[in-house]
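Here is the structure we will look at.
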Amino acid sequence: MVVKVYSPVYACPKRVIVCLIEKGIEFETVPVDLVKGEHKTPEYLKLQPFGFLPVIQDGDFTLYESRAIIRYYAEKYKSQGTDLLGNTIEERGLVEQWLEILFSSALGLLPDEKIIKESEEKLGKVLDMYEERLSKSKYLAGGFFSLAYLSHLPFTQYLVGPMQKEHLIRERKHVSAWWDDISNRPSWKKVLELYKVPPKFKYAGVQ
């Protein structure tokens, strides 16, 4: 059964897509144009009553909220592809902890210099915390790649790309090494490759 992922263009759907690739799950994407209000149509609201993104359809099963989706697939296909959950309750606890800590929201999107400066200062403090943690462990949640980083990938890519704030990453040695590591995973490179084509695309899963 091919999983359908609605609205692949935005950050939260990307974390779902990179999870599906890590787990080797076949999927196809269904574009949803926010500008045209397609997320508020009666058809879409039947899938997601709040009009948010993303939504997945897995046969007769529909699920929304990106963190819930990636947890679902990490559990359902735990023995397939990358184990994103950890092997002990302690490891799972750390994964859940760092999955919920996300620095991306610290940056404002409004073109107000004061807000941008204040947001950068807030983000810098969070990144200092990351630097301290990563000086003791290869990954935030321990020594393995996990669900926690599926959220960080699209937002950090936006930070170092369109927002041109790469210096916030590079001026911190361990954060910089961590970003180089997770951003060079084959699954994330595949996501970036898929986004070079029109917004509706398919992935065949395990080859």
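Side-chain contact between Val55 and Lys4: absent, with no pair of heavy atoms (C-beta onward) separated by less than 4.5 Å. The shortest side-chain heavy-atom distance between Val95 and Leu84 does not fall under the 4.5 Å cut-off.
In Lys36, the NZ atom is not crowded: 12 or fewer heavy atoms of neighbouring residues, nucleotides or ligands sit closer than 6.0 Å.
The line from CZ of Arg15 to CG of Leu150 is 8.5 Å long, rounded to the nearest 0.5 Å. With rounding to the nearest 0.5 Å, the separation of NE2 in His167 from CD1 in Ile169 is 9.5 Å. Rounded to the nearest 0.5 angstrom, Tyr158 OH and Lys165 NZ are separated by 11.0 Å. In this structure, Ser135 OG and Trp178 CH2 are separated by 14.0 Å, a value rounded to the nearest 0.5 Å. Between Ser137 atom OG and Leu94 atom CG the span is 8.5 Å, to the nearest 0.5 Å. One finds the CD atom of Glu193 at 4.0 Å from the NZ atom of Lys190 (value rounded to the nearest 0.5 Å).
Under the 3.5 Å distance criterion, the side-chain polar atoms of Glu38 are matched with a main-chain donor or acceptor of Asp33. Between the side chain of Gln57 and the main chain of Val5, no donor-acceptor pair closer than 3.5 Å is present. Checked by atom type and distance alone, the side chain of Arg172 pairs as donor or acceptor with a backbone atom of Gly124 at under 3.5 Å. Judged purely by atom type and a 3.5 angstrom limit, Arg92 has no side-chain atom pairing as donor or acceptor with the backbone of Gly86. Proximity of a side-chain donor or acceptor of Thr29 to a complementary backbone N or O of Phe201 within less than 3.5 Å is detected. Within the 3.5 Å criterion, the main-chain N or O of Val191 finds no donor-acceptor partner in the side chain of Lys14. The main-chain N or O of Tyr77 is found under 3.5 Å from a side-chain atom of Lys23 such that the two form a donor-acceptor pair.
Between His152 and Tyr149, the two ring planes are tilted [angle within 30° to 60°].
For Glu75 and Lys78, the salt-bridge test fails: no basic side-chain N is under 4.0 Å from an acidic carboxylate O. Using a 4.0 Å cut-off between charged side-chain N and carboxylate O, Glu131 and Lys173 make no salt bridge. Look at Arg71 and Glu96 and you find a salt bridge, because one of the NZ, NE, NH1 or NH2 atoms lies within 4.0 Å of a carboxylate O, short of that distance. Taking a cutoff of 4.0 Å between a charged side-chain nitrogen and a carboxylate oxygen, Asp181 and Lys138 qualify as a salt bridge.
Taking the six-membered ring for Trp, Tyr72 and Phe61 have ring centres closer than 6.0 Å.
When all heavy atoms of Lys40 and Gly51 are compared, the closest pair comes out as NZ-CA, 4.3 Å.
The only option from Leu147, Leu63, Asp58 that meets the side-chain contact (heavy atoms from CB on, under 4.5 Å) definition with Tyr73 turns out to be Asp58. When each of Tyr139, Phe144, Tyr130, Phe145 is tested with Trp98 by the rule ring pair (Phe, Tyr, Trp, His ring centres under 6.0 Å), just one qualifies, namely Tyr130.
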Apply side chain to side chain contact (heavy atoms under 4.5 Å, CB included) to Asp83 and Leu85, showing your working. CA-CA 6 Å; Asp83 183 356; Leu85 296 173; 3.8 Å; yes
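Residues Phe50 and Leu47 fall within the same hydrophobic cluster, defined by Ile, Leu, Val, Met, Phe, Trp and Tyr side chains chained together at heavy-atom separations under 4.5 Å.
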